[in-house]
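Heads up: the structure comes next, in structure tokens.
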Amino acid sequence: MSDVAPAVSLAKRPADVMKKLVALCKQRGFVFQSSEIYGGLKSAYDYGPLGAELKRNLMGEWWKDMVTTRENVVGIDASIIMHPNVWRASGHAAGFSDPLVDCKISKERFRADKAPRPAVGSPLPITCADKGVAKEWAERIAKEYGVELERDANVLNGLVAISASEFGFVPKGASAPTKTWPWRGYVGPTFGSPFLTDEKQFNLMFRTALGAVDPMQEVAVHLAKIGALPPPERADYLTQTFPTETAVAGSLMLKALDAVRDPNRYQDFIRSFIEHFTSLSSVYLRPETAQAMFVQFKNVMDSSGMKPPFGIAQMGKSFRNEVTVEHFIFRSCEFEQMEMEFFCEPGTQKEWMAFWKEARMSWWRRFANYPEDFVFRQHAKDEMAFYADDCYDVEYKYPWGWGELEGIASRTDYDLTQHEKHSGVTLQYVDQEKADPKTGAKPWKYKPYVIEPAAGATRALLCFLIDAYHEEERTTATGEKEIRTVLKLHPKLAPIKCAVLPLVKKDGMPEKAREIIAALLKAGVNAKYDEKASIGKRYAKHDEIGTPYCITVDGDTLTADTVTLRDRDTTLQVRLPIAEVVATIKARLEA
RNA sequence: GCGGGUGUAGCUCAAUGGUAGAGCGACAGCCUUCCAAGCUGACGACGAGGGUUCGAUUCCCUUCACCCGCUCCA
């Protein structure tokens, strides 16, 4: 809230930076489209040699800053597949019960459970944006449903809710409907249209089956048997084969179905039948890494001697079926997170929120060329989850606008409470020293409150690439104007730290360069030897992949044992003895 | 999911109802003493499937993927 988005000079990077960056990522081996030779897979990306280094460096810096340099934070590395009840407790499983519906006329999409439900017997006017749209929609309805609705300016009249499961068209003056359609009792929220698609289940989580036997096999066997039986015997097959509550419910449903013969209800039956079998072996890929930290809260505390205030951190992949994927790797179904849950005494959450806000923003800006492109945005009350106390997003100024990078949420004791309820295990801290503020009794048993800084690693990678992308106009040796592309990545993030280049490929220079690179590699510096093409081309190539330093072996090296050290951003060179190369590069990387 | 656009070599782009070229890059070699010099060579593509046609990269359909805008977003 204290930070305001500043005006940004448009000249700092080209307007089509995303296009250029995506091309560079592919060409130089940062990011490839997944399974590209098979035509690609929606929203899946692979990190190439340079991308993998960049991501490791980035996540390593996070881990170092959040875990290894802090006494009060420990890390875990949890399984991606967790007990299904974890997601019932967290609320993510509820995502499965939010059916989405599309209006066939307006193409509006909405959640069925939030749609208006007009009373039986009431008219169902369709309110269009304007008269032109009304005319267009009326024609569409006439064509697809065979009825001419009456147009009154922008409103289409004539439809009536006949019963809870049927609506119809009643022409002006008529007493009975001339045509009817099945109905689920609700209309589109914006325009009031009852012409809707079936309800589609939106799967937030990726579901898979744990176990070697395919549950669908069993489903197929039973459905085949049921299908082969005459209707009166179907319900009995269920109760005889599955003497459970589900079977009884299922058989009742089947009996009712065979009585009404409504295809939609059959669909419901088959769906719940499949659900019954698959749910036994269904597990989910985690949609966030956070829950493992709550679930293992007690184990971590018991095993590591941690006590509030303390944090548990984790990095790793998460999976969500996004409705829309967009902007390259910005929103994808498989992504990587860097999250921490910080457990603190109830009542201290505001101070800790302030502490972590500062810590996190300073981390982001530390690696940025344009720190002002990272800002906080406080969530409005109605924007936050109902249990949340306070929430800030770290937003980045992407080429397409401000977008989320990290959410820092004050989650109260909601998560621990939920897992207590669902697991039956007490998740609390017993403070022997303090008295319960309410009762005054010792010890104080409490469920810690949680501050959660949850950052997107994939998004971090993208924003630092955008931040680093620079173009400069320069004049070549032959006098032509040319664009120099430089990735001004922070040296700690840069995939390759140092290139070692013989000025020319002769006179013993390659040999000298090989000696230097061996020393750098031995010292743990990710260095690269390159003797191809001209020296200028090699500099340009390393500028483009963000290599911060180039060591060049030249004629003087052979007589004086000195080399030049070139800085990527300034292109300036200094001469130094070979003996000092490793120490100098290491010192610069540590700075 | 909707609407619009795009898909030709690693990248950026051409041409064409008779199976395709360039620039840059990358690779091999030659040359080259500090910021994308030059020469030689080899490699390399019509996203996928189907249809129309004597013949399709070109026209049509389907599909996949990407981009823009909506919509959606525990």
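A note on names: the letters A, B, ... follow the listed sequences, proteins ahead of strands, and every chain is numbered from 1.
- Between A:Phe32 atom CZ and B:rG10 atom P there is a gap of 12 Å when expressed in whole angstrom units.
- Residue A:Phe328 has its side chain nearest to B:rC67 when only B:rA36, B:rA74, B:rC67 are considered.
- The side chain of A:Arg28 lies closest to B:rA26, out of B:rA37, B:rC35, B:rA26.
- Following rounding to the nearest Å, A:Lys532 (NZ) and B:rC31 (P) show an atom-to-atom distance of 18 Å.
- No donor-acceptor pair closer than 3.5 Å links the side chain of A:Asp556 to the backbone N or O of A:Asp561.
- Residue A:His542 has no polar side-chain atom (N or O) positioned under 4.0 Å from OP1 or OP2 of B:rC35.
- Across B:rC54 and B:rA15, the matching C1' atoms stand 24 Å from one another, rounded to whole Å.
- Here the side chains of A:Cys333 and A:Val325 are in contact, with some heavy-atom distance below 4.5 Å.
- In this structure, NE2 of A:His92 is placed 15 Å from P of B:rC73, rounded to the nearest angstrom.
- The residue A:Lys505 sits close to a base: some heavy atom pair falls under 4.0 Å.
- More than 12 heavy atoms of other residues, nucleotides or ligands shown are found within 6.0 angstrom of NZ on A:Lys55.
- Of the C1' atoms belonging to B:rG49 and B:rC13, the separation is 27 Å, rounded to the nearest Å.
- For the P atoms, the distance from B:rC46 to B:rG21 is 14 Å, rounded to whole Å.
- With hydrogens and angles left out, the side chain of A:Arg484 and the base of B:rC35 share no donor-acceptor pair within 3.5 Å.
- Judged by the 6.0 Å and 45° rule, A:Arg514 forms a cation-pi pair with A:Tyr529.
- Both tests hold for A:Arg566 against A:Tyr539: distance to the six-membered ring centre under 6.0 Å, angle to the ring axis within 45°.
- Look at CG on A:Leu24: it is 13 Å from C1' on B:rU12, rounded to the nearest Å.
- Atom C1' of nucleotide B:rC34 and atom CD of A:Gln573 are separated by 6 Å, given to the nearest angstrom.
- With C1' as the reference atom, B:rG18 and B:rC59 are 15 Å apart, rounded to whole Å.
- Remark: C1' of B:rU12 and CG of A:Leu21 are 16 Å apart, rounded to the nearest angstrom.
- Taking the P atom of each, B:rA65 and B:rG17 are spaced 31 Å apart, rounded to whole Å.
- Side-chain atoms of A:Arg331 lie closest to B:rC73 of the nucleotides B:rA26, B:rC73, B:rA74.
- The residue A:Arg538 sits apart from the nucleic acid: no heavy atom pair falls under 4.0 Å.
- If you take atom C1' in B:rA36 and the same atom in B:rA26, they sit 14 Å apart, rounded to whole Å.
- The base of B:rC64 has none of its N or O atoms less than 3.5 Å from a complementary donor or acceptor on the side chain of A:Tyr38.
- Taking atom P in both B:rA20 and B:rA9, the straight-line distance is 15 Å, to the nearest Å.
- The distance from atom NZ of A:Lys42 to atom C1' of B:rA48 is 17 Å, rounded to the nearest whole Å.
- Atom name C1', nucleotides B:rC73 and B:rG4: the rounded distance is 23 Å, in whole Å.
- Between A:Asp543 atom CG and B:rA36 atom C1' there is a gap of 10 Å when expressed in whole angstrom units.
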